[in-house]
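Sequential numbering from 1 along the given sequence is applied to the chain's residues.
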Amino acid sequence: MAALLQHAGYEEERLLRVAQQMPCREVQAGMLLSLMGQPQQYSYPSIFIYGHRASGKSHVMHVLLKELELPHATVSCVECVSVALLFEQVLLSFFGCDAASLLPRSPSLSDFVRIYRQQCSQSPAKQTRYIVMEKAELLRDTDANLLPALLRLQELVEDNVTIILLSEIVWDKFRPNTGCFEPLLLHFPDYSKGELQQILSQDRHPSYTAEFYSSYINILLGVFYSVCRDLRELRHLAALNFSKFCEPLAEGKVKETDTHKLWRNIEPHLKKAMQTVYLREVSSLQWEQMQQMEEKESGALRGLSAHTHVELPYYSKFLLIAAYLASYNPARTDKRFFLKHHGKIKKTNFLKKNEKTSNHLLGPKPFPLDRLLAIFYSVVDNRVAPTASIFSQISSLVTLQLLTQVSHDDQLDAPKYKCAVSMDFICAISRTVNFDIVKYLYDFL
């Protein structure tokens with residue numbers, strides 16, 4: 001679609017090469033070229049490009065400036081934690097290290113403008129120079145006069161230079177309260193489902209046909225499009241789950257055209273991957289290894305995702321372990337399990353006629369808060385002060401429905417709880433903190 005990128009100042013061959021590298025963004029690239037004008041002409045002082053994450057803003061700017069060989073400086077506001085680094089990066093890109101070395105240790109805006117004008121007098125611009133500011137919303141946290149000055153930098157330095165701000169927020173929330181020069185606005189909308197299908201299908205595996213990979217992307221978008229429209233995250237998910245999609249094909253069980261069988265094989269795997277969308281708690285390699293371990297194990301960890309292990313804080317895991325022990329152990333056995341010098345006590349001495357049935361078959365029993373805390377301080381591996389953080393974590397466990405409060409809300413002096421997790425669940429949690437919970441359960445003596 002090079003016709004959308006026709007411009008009098010550039011060769012058609014270059015514009016065609018540019019269009020091939022930015023699928024589904026030809027309209028925005030054409031509008032940006034119109035705002036930039038021809039290379040020798042003075043451009044507008046500042047352009048504000050906004051859109052959601054992974055909507056192609058940085059990619060379009062990078063391709064245009066690189067392929068059209070325009071002089072530019074790309075500055076990441078995340079990396080440039082001070083204005084000194086920002087000024088140094090701009091001078092280094094346009095005039096070299098000698099110009100950047102002229103900056104004082106703590107340069108001001110006037111120092112930057114003075115050095116820039118000196119260098120311009122020695123090497124005036126033959127084409128428009130572009131300063132691209134990525135993550136420009138971070139400029140709001142800098143000096144109040146920096147952003148208004150950058151928007152009028154062309155006037156200050158008397159050079160053919162244009163500031164291009166890339167941001168994820170709209171200009172109305174970006175505009176300084178003191179007022180400033182208004183830039184031209186250009187919006188990059190989110191990719192539609194069809195555009196995501198077209199872009200992701202270009203990443204096909206060389207060992208498989210384009211139709212096969214396109215059908216996989218269609219299945220992937222059918223699952224994830226309602227919850228995630230981030231191109232980078234979808235690309236990560238596509239690469240992560242493609243090997244699982246191809247397993248029946250590699251084993252010779254199905255053909256490439258058996259889309260229904262391939263879908264039945266990958267569906268539970270994709271639903272499990274939905275629990276970690278955007279989180280990136282584990283790497284791609286760790287995720288694959290974890291899935292292989294789950295398939296090999298007998299079921300102790302089955303149903304528990306990586307999200308379950310990582311989400312609970314360290315002391316919350318011990319609180320949950322203590323709650324499980326309090327729910328399934330009789331209260332009079334706490335002395336046996338949690339006191340160092342309890343003497344010799346046999347299990348037969350504990351048994352009563354009504355305790356012949358396993359406590360795990362009878363279900364969890366309520367316990368008071370003070371008993372929970374006593375067991376918690378006994379099983380935790382280091383000394384913990386009874387702070388408000390511990391009590392707030394108990395409330396969080398109730399909110400997560402891992403604990404159930406069985407006493408009334410008006411009983412503030414002695415609230416009672418029950419543990420609401422299964423044996424497999426608590427064993428998996430215990431392994432993450434190297435705690436052998438079976439040794440502390442009365443039913444397994």
Student: Any sub-3.5 Å donor-acceptor pair from Glu134's side-chain atoms to Leu165's backbone N or O?
Tutor: no
Student: Are any non-hydrogen side-chain atoms of Leu150 and Asn145 less than 4.5 angstrom apart?
Tutor: no
Student: Check whether the ring centres of Phe87 and Tyr116 lie less than 6.0 Å apart, and answer yes or no.
Tutor: no
Student: Measure across Gln40 and Asn160 and return the closest heavy-atom pair with its distance rounded to 0.1 Å.
Tutor: O-ND2, 4.2 Å
Student: Between Ser327 (side chain only) and Tyr324 (backbone N and O only), is there a donor and an acceptor less than 3.5 Å apart?
Tutor: no
Student: In terms of the angle between their ring planes, are Phe212 and Phe245 parallel, tilted or perpendicular, with boundaries placed at 30° and 60°?
Tutor: tilted
Student: Can you tell me how far CG of Leu403 sits from CG of Leu319, rounded to the nearest 0.5 angstrom?
Tutor: 8.0 Å
Student: Between the main-chain N or O of Val161 and the side-chain N or O of Thr128, is there a donor-acceptor pair closer than 3.5 Å?
Tutor: no
Student: Determine yes or no for a side-chain-to-main-chain donor-acceptor pair under 3.5 angstrom, with Arg204 supplying the side chain and Tyr208 the backbone.
Tutor: yes
Student: Applying salt bridge (charged side-chain N to carboxylate O under 4.0 Å, His left out) to Arg264 and Glu267, what does each step give before you reach the verdict?
Tutor: CA-CA 5 Å; Arg264 290 179 59 187; Glu267 180 185 13; over 6 Å; no
Student: CD/Gln405 to CD1/Ile394 distance, rounded to the nearest 0.5 angstrom?
Tutor: 10.5 Å
Student: Taking C-beta and beyond as the side chain, do Ile199 and Pro23 meet within less than 4.5 Å on heavy atoms?
Tutor: yes
Student: Does any pair with a residue in residues 54-81 pass salt bridge (Lys or Arg N to Asp or Glu O under 4.0 Å), and if so which ones, sequence neighbours excluded?
Tutor: Arg14-Glu69, Arg17-Glu67
Student: Please give me the minimum heavy-atom distance between Val421 and Tyr328, naming the atom from each residue.
Tutor: O-OH, 4.4 Å
Student: Could you walk me through whether Lys439 and Asp436 pass the salt bridge (charged side-chain N to carboxylate O under 4.0 Å, His left out) check?
Tutor: CA-CA 6 Å; Lys439 291 173 56 177; Asp436 188 3; 5.1 Å; no
Student: Arg129 and Cys120: which non-hydrogen atoms are nearest, and at how many Å?
Tutor: NH1-SG, 3.8 Å
Student: Can a salt bridge be assigned to the pair Arg53 and Glu233 using a cut-off of 4.0 Å between side-chain N and carboxylate O?
Tutor: no
Student: Between Thr162 and Tyr44, is there a side-chain heavy-atom distance shorter than 4.5 Å?
Tutor: no
Student: Start with the C-alpha gap between Ile217 and Leu234, add the side-chain angles, then the distance that decides, and say whether side-chain contact (heavy atoms from CB on, under 4.5 Å) holds.
Tutor: CA-CA 9 Å; Ile217 295 298; Leu234 289 171; over 6 Å; no
Student: If you look at every heavy atom in Glu137 and Leu166, which pair is closest and at what distance?
Tutor: OE1-O, 4.1 Å
Student: Within a 6.0 Å radius of atom CD on Gln401, are there more than 12 heavy atoms belonging to other residues, nucleotides or ligands?
Tutor: no
Student: Please tell me if the side chains of Ser167 and Ile49 come closer than 4.5 Å, counting only heavy atoms from C-beta onward.
Tutor: no
Student: Please determine whether side-chain contact (heavy atoms from CB on, under 4.5 Å) holds for the pair Asn241 and Tyr216, giving the CA-CA distance in whole Å, both sets of side-chain angles, and the decisive distance to 0.1 Å.
Tutor: CA-CA 10 Å; Asn241 298 287; Tyr216 164 67; 3.5 Å; yes
Student: Step through it carefully: locate the ring centre of Phe188, locate the ring centre of Tyr50, and say whether they are under 6.0 Å apart.
Tutor: no
Student: Please give me the minimum heavy-atom distance between Lys418 and Pro364, naming the atom from each residue.
Tutor: CD-O, 3.4 Å
Student: Side-chain contact, heavy-atom cut-off 4.5 Å: Glu158 with Arg117?
Tutor: yes
Student: Verify side-chain contact (heavy atoms from CB on, under 4.5 Å) between Phe425 and Leu402, making sure each step is shown before the conclusion.
Tutor: CA-CA 10 Å; Phe425 187 97; Leu402 300 177; 4.2 Å; yes
Student: What I'd like to find out is whether the side chain of Val90 reaches to under 4.5 Å of the side chain of Phe95, using heavy atoms alone.
Tutor: no
Student: With a 3.5 Å distance limit and no angle check, can you tell me whether Tyr191 reaches the backbone of Arg229 through a side-chain donor-acceptor pair?
Tutor: no
Student: With no hydrogens and no angle check, just 3.5 Å: does a side-chain donor-acceptor pair link Gln197 and Ser214?
Tutor: yes
Student: Looking only at atom types and distance, does a side-chain atom of Thr142 sit under 3.5 Å from a main-chain N or O of Leu138, one as donor and one as acceptor?
Tutor: no
Student: With a 3.5 Å distance limit and no angle check, can you tell me whether Thr404 reaches the backbone of Ala420 through a side-chain donor-acceptor pair?
Tutor: no
Student: Once you round to the nearest 0.5 Å, how far does SG of Cys97 lie from CG of Leu102?
Tutor: 10.0 Å
Student: For the backbone of Ala54 and the side chain of Asp230, can you confirm whether one donor and one acceptor N or O come within less than 3.5 Å of each other?
Tutor: no
Student: So, for Gly37 and Tyr10, which heavy atoms are closest and what is the spacing to 0.1 Å?
Tutor: O-OH, 3.6 Å
Student: Report the distance from atom CG of Leu397 to atom CG of Leu312, rounding to the nearest 0.5 Å.
Tutor: 6.5 Å
Student: Decide if atom CD of Glu13 counts as having more than 12 heavy atoms of other residues, nucleotides or ligands within a radius under 6.0 Å.
Tutor: no
Student: Specify whether Phe367 and Tyr417 have parallel, tilted or perpendicular ring planes, treating 30° as the upper limit for parallel and 60° as the lower limit for perpendicular.
Tutor: tilted
Student: For Val18 and Leu33: C-alpha separation, side-chain torsions, deciding distance, then whether side-chain contact (heavy atoms from CB on, under 4.5 Å) applies.
Tutor: CA-CA 11 Å; Val18 167; Leu33 280 177; over 6 Å; no
Student: Under 3.5 Å, is there a donor-acceptor pair between the side chain of Ser378 and the main chain of Ala374?
Tutor: yes
Student: Where the side chain of His59 meets the backbone of Gln21, is there a donor-acceptor pair that is under 3.5 Å apart?
Tutor: yes
Student: Side-chain donor-acceptor pair under 3.5 Å between Ser108 and Asp111, yes or no?
Tutor: yes
Student: Quick check for you: to the nearest 0.5 Å, what is the distance between Asn218 atom CG and Thr259 atom OG1?
Tutor: 9.0 Å
Student: Other residues, nucleotides and ligands only: do more than 12 of their heavy atoms fall within 6.0 Å of CZ on Arg152?
Tutor: no
